[in-house]
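Worksheet for the structure shown next.
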Number of protein chains: 2
Amino acid sequence: MTELKKRRSNCPVSTSLDVFGDKWSLLIIRDLMYKKKCTYGDFLKSAEGIATNILASKLQNLEEQDIIRRQPHPDSKAKILYTLTAKGIELLPAIIEISLWAEKHYTLSEEWLAMLEKIQADKEGFIKKSMQNIANEI
Amino acid sequence: MTELKKRRSNCPVSTSLDVFGDKWSLLIIRDLMYKKKCTYGDFLKSAEGIATNILASKLQNLEEQDIIRRQPHPDSKAKILYTLTAKGIELLPAIIEISLWAEKHYTLSEEWLAMLEKIQADKEGFIKKSMQNIANEI
DNA sequence: CCGCATCCCTATAGATACTG
DNA sequence: CAGTATCTATAGGGATGCGG
């Protein structure tokens with residue numbers, strides 16, 4: 001069990017926000033979950049346009065929080081592969097609920113709509129499959 | 001359907017973060033959902049200690065996003081009652097998943113543990129009941 | 001190239017005092 | 001009670017540099 005240095009309170013929502021409550025951390029986790037993006041360069045290419053220094057600091061924080069892990073890339077010695085830990089994968093239900101809320105209240109692209117409809121049709125199944133998939137990669 | 005001025009992308013996670021992706025907004029929503037706190041003074045008294053200017057700006061933003069609503073307080077003309085809109089209430093599943101994740105990975109107080117165990121025992125029922133409760137208040 | 005680190009500037013968060 | 005006003009601190013953004 002990871003303990004944080006500075007938790008504002010022992011409320012579960014507050015604690016979660018102390019870990020990943022910023023504009024970028026959940027997008028990195030989204031890339032790893034939904035889009036299978038997993039290198040520094042991949043994250044940089046995402047639509048929101050994160051700055052390099054912010055990306056580096058968020059990756060470091062997520063690693064310290066034991067949500068992601070750095071591994072050597074099979075293709076190239078120069079590359080680093082970022083993967084989710086079990087603790088990171090377990091954020092999937094939260095990410096899905098956050099996504100479904102946005103789907104209900106905002107206009108999304110066709111790509112995302114198709115993805116979310118697929119998930120919504122079998123939420124439990126999607127979560128199980130994702131957890132097994134990523135677990136197998138370790 | 002509320003449209004935001006500046007959405008970084010049309011990804012559902014990114015969009016949600018553009019709406020409430022900061023260290024305080026979800027705590028205000030938590031107070032309204034879990035703790036039935038609903039005045040400016042109540043929010044100030046919460047354990048995390050939000051500053052008055054931050055609270056005022058977050059309340060304003062949440063109102064603009066149609067997540068909370070300001071109403072006259074029945075007890076006093078000087079008081080304002082903040083309540084969740086339907087759009088706000090629909091964040092409950094996300095809040096619950098975020099809470100359950102924190103419960104799994106961090107040490108919480110007994111109060112919160114008891115609350116979350118009750119929720120976990122009948123998640124669907126809790127969500128339905130909460131939505132009806134708040135809907136009746138409107 | 002890839003994965004950062006550094007510098008510099010701006011925008012937002014936060015603490016505190018004060019007000020209608 | 002429900003906020004402003006003011007000031008300071010930190011986080012974020014853009015350009016560039018640099019070792020492997």
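All values reported here derive from a predicted model rather than from experimental measurement. The chains referred to below are lettered A, B, ... by the order of the sequence lines, with proteins before strands, and numbering in each begins at 1.
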Below 4.0 Å: OP1/OP2 of dA2(D) and any side-chain N or O of T39(B): yes
Minimum side-chain heavy-atom gap P12(B)-L116(A) below 4.5 Å: yes
Expected output: side-chain T85(A) to main-chain I67(A) donor-acceptor under 3.5 Å: yes
Minimum-distance nucleotide to A51(B) side chain [options: dA15(C), dA13(C), dG3(C)]: dA15(C)
Whole angstrom value for the distance that separates C1' of dA2(D) from NE2 of H73(B): 13 Å
Nearest to side-chain heavy atoms of A56(B), which nucleotide of dT16(D), dC2(C), dT4(D): dT4(D)
Short side-chain N/O contact from K58(B) to OP1 or OP2 of dA13(C), under 4.0 Å: yes
Out of dA5(C), dG3(C), dG12(D), whichever nucleotide has its closest atom nearest the side chain of I54(A): dG12(D)
Nearest-nucleotide pick for N53(B), side chain only, options being dG14(D), dT16(C), dA2(D): dT16(C)
Pairwise 5' ranking along DNA chain D for T52(A) and D22(A), keeping only the more 5' one: D22(A)
I98(B) side chain near L26(B) side chain, heavy-atom distance below 4.5 Å: yes
Earlier contact from the 5' end, DNA chain C, for Q60(A) and K23(B): Q60(A)
Test item: Y40(B) and T52(B) side chains (from C-beta on) under 4.5 Å apart, heavy atoms: yes
Selected nucleotide, minimal atom distance to W24(A) side chain, candidates dG13(D), dA13(C), dG3(C): dG13(D)
Phosphate-side-chain proximity, R70(B) and dG3(D), N/O vs OP1/OP2 below 4.0 Å: yes
